[in-house]
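Read the structure below first, then the notes.
A note on names: the letters A, B, ... follow the listed sequences, proteins ahead of strands, and every chain is numbered from 1. What's counted below: heavy atoms across the whole structure, side chains too, no hydrogens, waters or symmetry copies.
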Amino acid sequence: MIALVDCNSFYASCEQVFRPDLWGKPVVVLSNNDGCVIAANKEAKALTQIPMFEPVFKIKQLLIDHDVSFFSSNYTLYGEMSQRVMNTLKQFSPQVEIYSIDESFIDLANMRFVNLDAHGHHIKNTIFRNTGLPVGVGIAPTKVLAKLANRMSKKIAHYKHVCVLDTPEACKQALKDAEIKDVWGIGKKHCQRLNNRGIFTANQFAYEVSLEWVRKNMTVVGERIWRELRGEPCLSLEMLPKAKKAIGTAKSFGNKLTDLGLIEEACAYYISEVSEVLRKQNSCAQFIQVFLQTNYHSDRDAQYSNSITVTLSTATNDTFILTLEATKALRTIYKSGYRYKKVGVNLSGLIPQEFVQMNIFDSVNPQERSALMQTVDKLNQKYGKSTVNSGLVGNRQEKWELIKKDRSPRYTTQWSELLAIDSNWS
DNA sequence: TCTGGGGTCCTAGGACCC
DNA sequence: TCTGGGGTCCTAGGACCC
């Protein structure tokens, strides 16, 4: 059996943990740039029927009318809270797959004589005691069924956030009750295609659609879902996080930009961020992609977007080399006269640092540069992000940085911020 | 005026090799 | 007139996830 443990409205719950005054009240968390709603707790969902990903400007009044508290996203806080949850989970099984920031699969094999329902409640209660975060637990023979069980644990009140599907009958009933769109791995497109064929429930999908059709129309990915719904495990637990194959970042500017200089500074900053991640996994990148775009939602602005990929003569994770290359690339695609909304960088062709093929024409000493980067990383870790950075990043961040007007303090990592808000602690 | 960001996996088709 | 067979690698595009 496999358990899926998933935090309820994770980002909103993280905000509430440190704000007892908001317990039981509606809370939503906004995306980067405060653009749209990305998390809402159950009180907020119930009160306002806020659809997720709704642009904030469309529902601002609704939020105010219902006295909904809203927060800019605070990923430093959510990342730290996530670690606390995952550490607690590791007490329950050595086999934990951290699937995302707020959910994990855990292996419950060899627990034949344990009451799984009681065990699920024990997990749920321990996490709440240790972190203050509410979770749902779904237990079933396959990952796809565990996902379904988890969903039911939250939706159907009498489960009290723990749902176990441990008999063929229980699985069958769950499939009959589940809409096809609620199955993990079935997105909008496949859902529409299945609906068109008269398939509306998970049970119909698993028992009325032929494997041939699934294979032909939904590839092997669909086949795995189909089999897993029938109780045949196809997806194993991935305990070791895989090295990333690409690392990128792209964020909207706080305000639209026309000036190449400012865009270059934002681009240089993003490069410093992604190359730090690259060094953390001891990889080097062979390719850099840079892209630039205007606001495609606007029908007033002239539209332009472009991207370019450059191949490096030697794979590297050196911030300074990557920044120079990215800047050069950016200059080739930039065209004046447009109001740009976003610049992005993507490092790919990632290879382990020790496999890098040196280039006979390279002028930098790789050992010296690697030592330099290690020092930069250490300084930034000790004294805060971007304490030391390339001069190309400049010092005009407020001109392009994204907007996070309503970010909560970094309660768990920044003591100074915590002290500053002691008024919340009555 | 204001609309997120970071990923993965799979397939088909083209280019190329011997 | 008749024009093979077995591969690999790369890319773009589609679909999905949180």
Seminar exercise, completed: Applying the Watson-Crick and G-U criteria (both distances under 3.5 angstrom) with [ ] for crossing and | for other-strand pairs, one obtains for DNA chain C ....||||||||||||||
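- Side chains of A:Tyr11 and A:Asp102 form no contact here, defined as non-hydrogen atoms less than 4.5 Å apart.
- Backbone-only engagement by A:Lys244 is indicated by non-hydrogen atom pairs under 4.0 Å involving sugar-phosphate atoms exclusively.
- Both A:Cys36 and A:Ile247 lie near DNA chain B, and the one whose nearest nucleotide falls closer to the 5' end is A:Cys36.
- Atom CG in A:Leu347 sits about 16 Å away from atom C1' in B:dG5, given to the nearest Å.
- Nucleic acid contact for A:Asn33: none, since no nucleic acid atom lies under 4.0 Å from a heavy atom of the residue.
- In this structure A:Lys385 satisfies the side chain to side chain donor-acceptor pair (under 3.5 Å) test together with A:Glu273, sequence neighbours excluded.
- Taking atom C1' in both C:dG4 and B:dC17, one finds a spacing of 14 Å when rounded to whole Å.
- Sorted by first and then second residue, the salt bridge (Lys or Arg N to Asp or Glu O under 4.0 Å) pairs involving residues 307-323 of chain A (not counting sequence neighbours) are A:Asp318-A:Arg369.
- Note: A:Phe18 and A:Tyr411 have parallel aromatic rings, judged against thresholds of 30 and 60 degrees for the angle between ring planes.
- Applying the side-chain hydrogen bond (donor to acceptor under 3.5 Å, both in side chains) test to pairs two or more places apart or on separate chains, those with a residue in residues 121-130 of chain A are A:Thr88-A:Asn130.
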All N/O donor-acceptor pairs, side-chain side in residues 210-219 of chain A, below 3.5 Å, sequence neighbours left out:
unit_1	atom_1	unit_2	atom_2	d
A:Ser210	OG	A:Trp213	N	3.1
A:Arg215	NH1	A:Glu223	OE1	3.2
A:Asn217	ND2	A:Trp213	O	2.9
A:Thr219	OG1	A:Val221	N	3.2

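- Contacts between residues 248-260 of chain A and DNA chain B, defined by a heavy-atom separation under 4.0 Å, are made by A:Gly248, A:Thr249, A:Ala250, A:Lys251, A:Ser252, A:Lys256.
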May I have the list of side-chain donor-acceptor pairs in residues 35-42 of chain A shorter than 3.5 Å, sequence neighbours left out?
unit_1	atom_1	unit_2	atom_2	d
A:Asn41	OD1	A:Val27	N	3.0
A:Asn41	OD1	A:Ala44	N	2.9
A:Asn41	ND2	A:Gln16	OE1	3.4
A:Asn41	ND2	A:Lys25	O	2.8
A:Asn41	ND2	A:Glu43	OE1	3.1

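- Per the geometry, NZ belonging to A:Lys404 stands 20 Å off P belonging to B:dC2, to the nearest Å.
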Problem set entry | A:Arg396/A:Glu265 under salt bridge (Lys or Arg N to Asp or Glu O under 4.0 Å): CA gap, chis, key distance, verdict | CA-CA 8 Å; A:Arg396 301 183 289 174; A:Glu265 291 178 13; 2.8 Å; yes
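- As a whole-Å value, the separation of A:Phe291 CZ from B:dG4 P is 13 Å.
- Using a 4.0 Å cut-off on heavy atoms, the residues of residues 198-228 of chain A that approach DNA chain B are A:Arg215, A:Thr219, A:Val220, A:Val221, A:Arg224, listed by number.
- We find that CD1 of A:Ile98 is positioned 17 Å from C1' of B:dG6, with the value rounded to whole Å.
- The distance between atom CG of A:Leu402 and atom P of B:dC2, rounded to the nearest whole Å, is 16 Å.
- The ring pair (Phe, Tyr, Trp, His ring centres under 6.0 Å) analysis of residues 302-350 of chain A, with sequence neighbours excluded, yields the pairs A:Tyr304-A:Tyr338, A:Tyr334-A:Tyr340.
- The residues A:Lys147 and A:Glu103 are annotated as salt-bridged, a charged nitrogen and a carboxylate oxygen being separated by less than 4.0 angstrom.
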Exercise. Where do A:Asp6 and A:Lys154 land on the salt bridge (Lys or Arg N to Asp or Glu O under 4.0 Å) test, with the steps shown first?
Worked result: CA-CA 10 Å; A:Asp6 170 307; A:Lys154 295 181 183 184; 2.6 Å; yes
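- Shown here are the side-chain contact (heavy atoms from CB on, under 4.5 Å) partners of A:Phe128, two or more places apart in sequence or in another chain: there are none.
- Nucleotide B:dT3 holds its C1' atom 16 Å from the CZ atom of A:Phe70, rounded to whole Å.
- Using a 4.0 Å heavy-atom criterion, one finds that A:Asn295 contacts the sugar-phosphate atoms exclusively.
- In this structure, A:Phe287 places its CZ atom 14 Å from P of C:dC9, rounding to the nearest Å.
- As a whole-Å value, the separation of A:Tyr78 OH from B:dG5 P is 15 Å.
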Exercise. What string of B, S and - do you get for nucleotides 12-18 of chain C 5' to 3' if you count protein non-hydrogen atoms under 4.0 Å?
Worked result: ---SSSS
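- Checking B:dC9, B:dC2, B:dG4 against the side-chain heavy atoms of A:His297 singles out B:dG4 as nearest.
- A:Leu145 approaches A:Leu165 most closely through the heavy-atom pair O-CD1, 3.9 Å.
- Annotation: salt bridge (Lys or Arg N to Asp or Glu O under 4.0 Å) contacts involving residues 334-359 of chain A, sequence neighbours excluded, comprise A:Asp301-A:Arg339.
- Taking the ring axis of A:Phe71 as reference, the NZ or CZ atom of A:Lys404 does not stay both within 45° of it and closer than 6.0 Å to the ring centre.
- The residue among A:Lys245 and A:Lys58 whose nearest nucleotide of DNA chain B is located toward the 5' end is A:Lys58.
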